[in-house]
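Reviewing the structure listed below.
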Protein chains: 2
Amino acid sequence: MERRATIKDVAEAAGVGVATVSRVLSGGSASPRTRERVLAVAAQLDYRPSALGRNLRQRRTGGMGLLVPDLTDTFYGQLAEGVLACARSAGEPVVLGSTGGDPEQESELIGMLLEQSVDRLIAVPSGDAETWAPAIRAGMTVVFADRLPAPAAAEEDVRAAALTDLLALDGLPATPQTRPLDVPAVVADDRAGIRTAVRYLRGLGHKRIAFLGGPGHDRRVAAFREAVGAPVDEELVVFGTGSRDSAYAAASGLFQSRPDLSAVVTGGNVLGEAAVLAARELDLRVPRDVSLVMYDDVPWAELCSPPLTVIAQPGRDMGYRAAELVLRAGTRKPRSVVLPTELIIRGSCGPRR
Amino acid sequence: MERRATIKDVAEAAGVGVATVSRVLSGGSASPRTRERVLAVAAQLDYRPSALGRNLRQRRTGGMGLLVPDLTDTFYGQLAEGVLACARSAGEPVVLGSTGGDPEQESELIGMLLEQSVDRLIAVPSGDAETWAPAIRAGMTVVFADRLPAPAAAEEDVRAAALTDLLALDGLPATPQTRPLDVPAVVADDRAGIRTAVRYLRGLGHKRIAFLGGPGHDRRVAAFREAVGAPVDEELVVFGTGSRDSAYAAASGLFQSRPDLSAVVTGGNVLGEAAVLAARELDLRVPRDVSLVMYDDVPWAELCSPPLTVIAQPGRDMGYRAAELVLRAGTRKPRSVVLPTELIIRGSCGPRR
DNA sequence: CCTCTCCATGGAAACGATTCCATCATGCTT
DNA sequence: AAGCATGATGGAATCGTTTCCATGGAGAGG
């Protein structure tokens with residue numbers, strides 16, 4: 001366990017000052033002669049600049065933070081892989097946190113990142129605008145992925161701004177308004193995805209279509225409501241809290257309370273899983289008794305019998321793009337990105353019986 | 001975006017020296033009177049010590065690194081969740097890297113962590129002992145999870161040591177030997193898991209049982225060989241390289257080249273997924289035509305029709321325990337941990353037709 | 001009452017990089 | 001040839017913390 005060489009060692013061995021070494025290594029100006037010598041010595045001593053010194057001096061830790069609700073959810077696994085891929089190609093570290101969908105834990109993790117002086121953050125938010133205010137106020141560059149934080153309960157203007165954001169992202173005309181929470185986001189085109197799915201089901205003759213959502217699926221629910229059109233049968237819009245158990249309970253409850261429904265759209269893959277399980281448990285055949293469209297394309301969607309028809313969103317790309325945004329934030333002002341979704345028709349939807 | 005308060009600000013506001021503030025905040029000795037005042041001022045200024053200064057001074061970054069092959073693999077998602085849970089309760093950051101199962105990327109990530117002075121690392125290793133030598137030499141506290149690195153190709157003594165390790169972990173008498181790569185690990189009891197599965201299949205009458213493995217499944221293959229007993233039909237032991245495509249190719253190739261096999265054990269869930277897909281594609285019914293046991297219990301195993309019989313290993317616990325080990329490493333010398341596996345019988349195995 | 005001990009306390013030195021600024025040499029212009 | 005601009009260079013300050021060490025005061029024991 002030998003002590004690592006410092007910039008001082010290199011300077012001494014090369015017979016130059018530390019400033020020169022630093023310049024050479026970070027691309028500053030130096031005479032070719034000196035540059036060569038320093039490089040040679042550095043290589044010979046196997047010198048690698050310590051991030052510690054640099055970080056302190058620049059009062060910021062490199063790299064970025066990444067906050068997701070649950071890595072066990074394959075979609076967030078894909079998203080994380082995307083972020084990691086981009087970070088790796090930039091040689092930057094990624095500090096990961098899993099919030100469990102709990103705003104309080106999210107808040108704590110933000111605090112931890114602040115303490116670490118990590119000033120770039122990609123997040124699938126669970127808390128509302130209020131939860132995120134401290135991060136923004138501290139000057140963090142934040143990029144949201146997959147969804148936006150709910151508007152703060154208390155502050156009216158924040159609410160308005162977040163709403164503006166939602167509408168803008170959905171392509172609706174945004175009312176001109178100040179935007180206190182001015183954070184770029186990388187999201188999928190939920191609206192188009194849901195609309196396509198609902199139209200597809202309608203085309204198969206389905207009239208009573210249910211939506212099974214979870215936390216953070218606000219935009220998808222809104223899109224669903226819009227797609228089915230008024231009047232919306234509110235009993236057909238149900239929610240789980242995020243855990244697999246609660247998703248199962250919600251799905252099971254839905255099927256039992258409304259045996260007349262003929263199709264279900266789920267807002268995420270955990271909900272989709274729950275729907276398949278609950279349907280089987282209640283002896284509902286897919287797609288004979290009930291048709292199913294799940295948000296998220298995950299590898300196991302193909303494994304089900306029948307294979308699941310899904311609204312695919314590019315999880316990996318979302319992560320990659322978000323990481324790009326957060327890294328380039330210094331250069332250009334990042335704008336939000338909306339990625340396309342695709343309805344992948346497999347076998348879980350059939351004509352209304 | 002206000003500047004954060006430093007220890008100096010606190011000291012000044014409290015009318016004490018910075019040393020005293022530091023002591024109070026890190027539990028050193030101080031008079032109750034001073035302590036109270038410092039605490040009050042710190043709270044009032046919303047002071048949080050910057051990890052940057054501390055890290056530089058102690059020449060180490062807190063927290064731990066985590067290296068997994070692929071977060072898209074649900075099992076590693078579970079493992080990561082375990083690590084994160086433990087780290088969170090300790091208030092420590094986790095730096096994540098995904099290696100894609102590639103020793104070279106793994107090596108680069110180790111270098112990155114070294115540069116960050118992260119000196120605690122949990123890894124599902126992809127490279128061999130040689131890949132890991134630099135980390136050990138640099139004084140990192142490493143804990144392997146799920147598997148051990150393959151012995152180095154070149155060094156004979158390292159090979160011997162790693163072999164010793166393997167045998168010891170499997171409960172076989174280990175030949176006394178020097179162990180150059182002395183790294184604790186948290187692994188599942190692969191041997192018992194595989195043996196139980198093979199016995200179960202034998203009990204159902206199966207004679208030609210195949211094993212479908214991937215990189216890092218060495219111990220599972222070894223256990224499989226031992227469980228089926230000599231002579232092993234080598235054509236029934238096949239490998240993929242880790243990607244989903246290659247897993248599918250391996251599974252499909254196996255089924256086609258040996259239509260006489262009646263049961264398959266897969267070394268991981270990606271391979272299991274591939275086996276289900278390949279079987280369906282070739283019109284093999286599970287379990288009528290072929291029985292299937294998959295390593296790893298993942299949520300979607302229950303979704304398959306029929307639900308998959310699996311060898312469950314506690315991914316989350318493995319992560320948690322590994323994190324505990326790596327955090328306690330300063331206190332007590334960590335010993336390797338072997339966690340139990342469980343054969344969960346669902347519907348993918350039937351009597352030999 | 002003096003001294004010895006112990007504890008609280010603050011000043012200052014690390015830690016390893018970046019970066020400002022002064023210095024010096026070189027080469028060009030007038 | 002003198003002056004000026006340009007570029008290379010090294011010393012020193014800086015970032016925010018921990019920790020070593022010296023100092024001072026108070027209490028206890030002689």
Side-chain angles (χ1 to χ4, degrees), chain A residues 2-39 41-42 45-63 91 93 114-119 138-139 330, chain B residues 2-39 41-42 45-63 93 112 114-119 138-139 330:
Chain A
E2 65 270 20
R3 198 180 65 86
R4 268 177 57 195
T6 74
I7 198 174
K8 228 168 155 181
D9 300 326
V10 177
E12 216 159 306
V16 299
V18 290
T20 304
V21 177
S22 174
R23 266 187 302 256
V24 168
L25 261 34
S26 45
S29 73
S31 75
R33 204 172 135 33
T34 328
R35 147 164 284 114
E36 198 185 343
R37 190 148 41 107
V38 169
L39 253 26
V41 170
L45 289 183
D46 190 30
Y47 168 71
R48 307 197 53 178
S50 155
L52 257 37
R54 178 182 323 126
N55 290 348
L56 177 56
R57 173 63 222 234
Q58 341 208 94
R59 310 156 95 179
R60 56 189 298 281
T61 298
L114 244 24
E115 193 166 319
Q116 302 288 328
S117 301
V118 172
D119 62 351
Chain B
E2 65 270 26
R3 197 180 64 88
R4 269 176 58 194
T6 74
I7 199 174
K8 229 168 155 181
D9 300 326
V10 177
E12 215 159 306
V16 299
V18 290
T20 304
V21 177
S22 174
R23 265 187 301 254
V24 168
L25 261 35
S26 45
S29 73
S31 76
R33 205 172 133 35
T34 330
R35 149 164 282 115
E36 199 187 341
R37 192 148 41 107
V38 169
L39 252 27
V41 170
L45 290 182
D46 191 32
Y47 168 71
R48 307 196 53 176
S50 154
L52 258 36
R54 180 184 322 129
N55 290 348
L56 176 56
R57 174 61 221 233
Q58 336 207 105
R59 300 138 140 273
R60 55 191 296 282
T61 297
M112 187 265 282
L114 244 25
E115 194 166 317
Q116 302 288 328
S117 301
V118 172
D119 62 352

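In this structure, the side chain of A:Ser22 does not engage the main chain of A:Val18 through any donor-acceptor pair within 3.5 Å. Side-chain N or O atoms of B:Arg4 include one that pairs as donor or acceptor with a backbone N or O of A:Leu114 at under 3.5 Å. In terms of modelled atom types and a separation under 3.5 Å, the side chain of B:Arg37 and the main chain of B:Ala14 share a donor-acceptor contact.
In this structure the side chain of A:Thr6 reaches within 4.5 angstrom of the side chain of A:Asp9, judged on heavy atoms.
Taking only distance into account, the side chain of B:Arg57 meets the base of D:dT18 through a donor-acceptor pair shorter than 3.5 Å.
When distances run from any side-chain atom of B:Leu56 to the nucleotides D:dT19, C:dT9, C:dC15, the shortest one goes to C:dC15. Side-chain proximity of B:Thr34 to C:dT9, C:dT18, C:dG10: nearest is C:dT9. Comparing C:dT9, C:dG10, D:dT17 by their closest approach to the side chain of B:Ala19 singles out C:dG10. The B:Ala30 side chain lies nearest to C:dT9 when the options are C:dT9, D:dG10, C:dT19.
Side-chain N/O atoms of A:Ser31 include one lying less than 4.0 angstrom from OP1 or OP2 on D:dT9. Residue A:Ser29 places at least one side-chain N or O closer than 4.0 Å to OP1 or OP2 of D:dA8. Checking the phosphate oxygens (OP1, OP2) of C:dG10, a side-chain nitrogen or oxygen of B:Thr20 falls inside 4.0 Å.
Residue B:Gly17 is classed as a sugar-phosphate contact, given heavy-atom separations below 4.0 Å to backbone atoms only. Residue A:Ser22 is in base contact, counting any heavy-atom pair closer than 4.0 Å across all strands shown. Among the atoms of the strands shown, base atoms are found under 4.0 Å from some heavy atom of B:Ile7.
At whole-Å resolution of the value, CG in A:Leu25 and P in C:dA17 are 9 Å apart. The interatomic distance linking B:Arg23 (CZ) with C:dG10 (C1') rounds to 7 Å, in whole Å. Distance CG (A:Asp9) to C1' (C:dA17): 13 Å, rounded to an integer number of Å. Per the geometry, CZ belonging to A:Arg37 stands 12 Å off C1' belonging to D:dT9, to the nearest Å. The separation between A:Asn55 atom CG and C:dT19 atom P is 12 Å, rounded to whole Å. If you take CD of A:Gln58 and C1' of D:dG16, they are 15 Å apart, rounded to a whole angstrom. Atom CZ in A:Arg3 sits about 10 Å away from atom C1' in C:dG16, given to the nearest Å. Per the geometry, CZ belonging to A:Arg54 stands 18 Å off P belonging to D:dG16, to the nearest Å.
For the pair B:Ser26 and A:Val18, nearest-nucleotide mapping onto DNA chain D gives the more 5' position to A:Val18.
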Audit row: A:Arg23, A:Val38, side-chain contact (heavy atoms from CB on, under 4.5 Å) steps and yes/no
CA-CA 10 Å; A:Arg23 266 187 302 256; A:Val38 169; over 6 Å; no

